[in-house]
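Contents: one structure, followed by commentary.
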Amino acid sequence: MLHLSMPLPEWARTSVGNSGIFAGDAEKMAFAIGLARSNVEEGTGGPFGAAIFNRESGELVSVGVNLVVAGMNSVLHAEMVAIMAAEAVLGTYTLAVRGRFELFSSCEPCAMCLGGILWSGVERLVCAAAADDARAIGFDEGPVYPESYRYLEERGIEIERGFMHEEGKRVLELYRERGGILYNRQ
């Protein structure tokens with residue numbers, strides 16, 4: 001059997017152990033954006049961060065940062081890393097059987113991550129920066145349309161976009177200023 005690994009940077013692993021219960025959406029999003037910012041500042045990956053929380057308790061379940069280049073794997077987007085980590089922690093292929101969960105992302109997801117969110121069992125998605133902000137610095141987010149979000153909503157996933165937008169956008173701009181690798185150019 002093939003076993004893949006997604007080695008989170010040490011600072012990211014530590015962030016999981018040092019956190020606890022998050023009180024509200026602003027605290028959760030600030031945490032996800034902070035993951036993205038730390039990933040840029042530490043030079044460990046792309047300008048994207050995500051975290052999955054238990055909706056009822058506010059407890060952090062998992063974190064994800066963009067590890068595409070570091071992990072040499074095009075699937076290791078922040079949202080996908082957070083989903084895979086949550087499934088590993090909870091011992092399931094779908095979060096829906098273990099409770100109610102929400103994903104906070106520093107930027108609107110690409111096409112692949114939207115698909116992963118659909119199948120993950122996450123019931124709420126909250127995004128900061130817009131996909132257009134990622135495109136503005138040179139990333140290609142793939143075929144994401146208004147219908148993509150409607151499809152998720154029709155399947156019961158609540159979506160909030162643009163929450164703490166400027167804070168998320170600033171991380172993307174920081175990545176561009178620092179000359180970060182654009183591994184998926186438009």
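- Between Glu102 and Lys28, at least one side-chain nitrogen of the basic residue sits less than 4.0 Å from a carboxylate oxygen of the acidic one, meeting the salt-bridge criterion.
- Because its NZ or CZ atom is not both nearer than 6.0 Å to the ring centre of Phe101 and within 45° of the ring axis, Arg124 does not count as a cation-pi partner of that residue.
- Rounding to the nearest 0.5 Å gives a distance of 9.5 Å between CG of Leu76 and CG of Leu8.
- Using a 4.5 Å heavy-atom threshold, the side chains of Asn39 and Tyr175 count as separate.
- The environment of CD1 in Ile181 is sparse: at most 12 heavy-atom neighbours from other residues, nucleotides or ligands sit within 6.0 Å.
- Between Glu147 and Arg150, at least one side-chain nitrogen of the basic residue sits less than 4.0 Å from a carboxylate oxygen of the acidic one, meeting the salt-bridge criterion.
- Checked by atom type, the side-chain pair Ser105/Glu79 shows a donor-acceptor distance below 3.5 Å.
- A cation-pi contact, defined as under 6.0 Å to the ring centre and within 45° of the axis, links Arg155 to Tyr151.
- Between Arg55 and Glu158, at least one side-chain N (NZ, or NE/NH1/NH2) sits under 4.0 Å from a carboxylate O, which counts as a salt bridge.
- With a 6.0 Å radius and a threshold of 12 heavy atoms from other residues, nucleotides or ligands, Trp11 has its CH2 atom above the threshold.
- In terms of the ring pair (Phe, Tyr, Trp, His ring centres under 6.0 Å) criterion, residue partners of Phe31 (sequence neighbours excluded) are, by chain and number, Phe22.
- With sequence neighbours excluded, the residues satisfying side chain to side chain contact (heavy atoms under 4.5 Å, CB included) with Pro143 are Ala111, Tyr145.
- Residues Leu172 and Cys107 approach most closely at CD1-SG, 4.2 Å, considering heavy atoms.
- Atom CE in Met112 sits 6.5 Å away from atom OG in Ser74 (nearest 0.5 Å).
- Asn66 and Tyr183 share a side-chain donor-acceptor pair at under 3.5 Å.
- Between the side chain of Glu108 and the main chain of Ala130, no donor-acceptor pair closer than 3.5 Å is present.
- Between Leu174 and Arg170 there is no side-chain heavy-atom pair separated by less than 4.5 Å.
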